[in-house]
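Data first, discussion second: the structure below is written as structure tokens.
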Amino acid sequence: MTIDTLPQGDLGLLQSAVAQELLQMDIPARLAYTASDGTPRVLPINHWWTGTELVMATFTGAAKVRALRNKPAVAITIDTVDAPPHVLLLRGDAVVTDVEGIVPEYELTMRRGMPAGDADEYFAGLRADGATMHRIAVQPTWVGVLDFETRFPGAAPSAISGSD
């Protein structure tokens, strides 16, 4: 079986070109979770792929931390808007760790998208203020890839998806 023929849900899809492209792009992921009041939430969040975990970060006091510790099951999407869109779908459990100072992956993520001087100033300010953070790590347990060229949503009409 090749990556092109792996079923949605297979962790091997993380090795696909589309997944690798999206995991390295400087675009936000969208994190879906269940809030403390039981209602669904989704929010854009920066991320860093370690090779085994999608790492996100938030500052101490964020409401999502208590919710994720209470109900760690999450769904994540990283996607483009250009045609044809490329979409990476992930599911897993969030593991929240308290960090004194800056989450290392947060710094990597932010430096990826900022001029070096601006990043130096930003992080110097955070350190001077004694920032504390939470590291949110998700090791995927389910992976889906859509490229709208060879991989389509399961409910796509057969004329579009090329399947019967």
Side-chain angles (χ1 to χ4, degrees), residues 3 6-81 85-147:
I3 285 179
L6 290 176
Q8 299 290 30
D10 194 300
L11 297 182
L13 289 170
L14 284 169
Q15 302 310 312
S16 70
V18 170
Q20 289 298 303
E21 166 199 20
L22 292 169
L23 288 166
Q24 301 307 317
M25 289 181 78
D26 185 21
I27 57 176
R30 289 167 186 84
L31 172 67
Y33 65 97
T34 303
S36 295
D37 66 2
T39 60
R41 298 284 193 278
V42 64
L43 57 92
I45 191 166
N46 290 319
H47 60 89
W48 187 266
W49 177 245
T50 69
T52 58
E53 297 177 311
L54 192 71
V55 178
M56 299 151 284
T58 192
F59 290 96
T60 300
K64 65 183 156 287
V65 170
R66 184 178 51 182
L68 290 170
R69 284 183 168 149
N70 188 38
K71 292 187 179 183
V74 298
I76 300 165
T77 182
I78 305 170
D79 51 83
T80 62
V81 295
H86 287 178
V87 181
L88 176 63
L89 305 163
L90 305 171
R91 296 181 201 157
D93 287 340
V95 176
V96 180
T97 307
D98 299 338
V99 175
E100 289 297 322
I102 308 300
V103 172
E105 293 90 350
Y106 175 75
E107 186 162 352
L108 292 168
T109 299
M110 297 305 288
R111 285 186 179 278
R112 174 172 60 192
M114 295 173 84
D118 293 349
D120 290 344
E121 184 177 328
Y122 174 69
F123 285 106
L126 289 178
R127 287 185 176 91
D129 290 342
T132 59
M133 298 185 81
H134 301 285
R135 182 181 189 269
I136 304 166
V138 176
Q139 187 171 5
T141 58
W142 187 98
V143 178
V145 172
L146 304 171
D147 65 10

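As the structure is a computational prediction, the values presented were derived from the model and not from experiment.
- Rounded to the nearest 0.5 Å, atoms CE (Met133) and CD (Glu100) are 12.5 Å apart.
- Side-chain contact between Asp93 and Thr141 is absent, with no heavy-atom pair separated by less than 4.5 Å.
- In terms of heavy atoms, Thr60 sits closest to His134 at CA-NE2, 3.5 Å.
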Discussion item. Walk me through whether Leu22 and Ile27 qualify under side chain to side chain contact (heavy atoms under 4.5 Å, CB included).
Written reply: CA-CA 8 Å; Leu22 292 169; Ile27 57 176; 4.3 Å; yes

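- Residues Gln24 and Arg112 approach most closely at O-NH1, 3.5 Å, considering heavy atoms.
- The shortest side-chain heavy-atom distance between Asp98 and Thr132 does not fall under the 4.5 Å cut-off.
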Discussion item. Let's go through Glu53 and Trp48 carefully: what are the C-alpha distance in whole Å and the side-chain angles of both, what is the deciding distance for side chain to side chain contact (heavy atoms under 4.5 Å, CB included) to 0.1 Å, and is it a yes or a no?
Written reply: CA-CA 8 Å; Glu53 297 177 311; Trp48 187 266; over 6 Å; no

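- Remark: the backbone N or O of His86 is paired with a side-chain donor or acceptor of Thr80 at under 3.5 angstrom.
- Here the CE-CG distance, from Met25 to Asp79, works out to 10.0 Å after rounding to the nearest 0.5 Å.
- For the atom pair CD1 (Ile102) and CG (Leu108), the distance works out to 12.0 Å, reported to the nearest 0.5 Å.
- Taking the side chain as every heavy atom from C-beta outward, Lys64 and Ile45 approach each other to under 4.5 Å.
- Within a 6.0 Å radius of CZ in Arg66, other residues, nucleotides and ligands contribute 12 heavy atoms or fewer.
- By the 4.5 Å heavy-atom criterion applied to side chains, Ile76 and Leu54 are counted as neighbours.
- Shown here for Ala29 and Ile78, the closest heavy-atom pair between the two residues is CB-CG1, 3.7 Å.
- Between Val103 and Ile136 there is no side-chain heavy-atom pair separated by less than 4.5 Å.
- Side-chain atoms of Asp129 never come within 3.5 Å of backbone atoms of Ala131 as a donor-acceptor pair (strictly under, hydrogens ignored).
- To the nearest 0.5 Å, the span separating CZ on Arg69 from OG on Ser36 amounts to 11.5 Å.
- Across Leu11 and Pro140, no two heavy atoms sit closer than the pair CD2-O, 3.5 Å.
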Item to complete: Given side chain to side chain contact (heavy atoms under 4.5 Å, CB included), test Val42 with Thr77 step by step and report yes or no.
Response: CA-CA 10 Å; Val42 64; Thr77 182; over 6 Å; no

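- Contact annotation: the side chain of Val18 never approaches that of Leu88 to less than 4.5 Å [non-hydrogen atoms, C-beta and beyond].
- Counting heavy atoms from C-beta outward, Leu31 and His47 have side chains that stay 4.5 Å or more apart.
- The OH atom of Tyr122 lies 10.0 Å from the CD atom of Glu107; values are rounded to the nearest 0.5 Å.
- Under the 4.5 Å side-chain criterion, counting only non-hydrogen atoms from C-beta, Gln139 is not in contact with Val95.
- The number of heavy atoms from other shown groups lying within 6.0 Å of CD (Glu121) does not exceed 12.
- For the residue pair Leu43 and Tyr33, the shortest heavy atom distance occurs at CD2-CE2, 3.6 Å.
- The aromatic rings of Phe123 and Tyr106 lie perpendicular to each other, with more than 60° between the two planes, well past the 30° mark.
- Here the closest non-hydrogen pair linking Asp26 and Thr109 is OD1-O, 4.5 Å.
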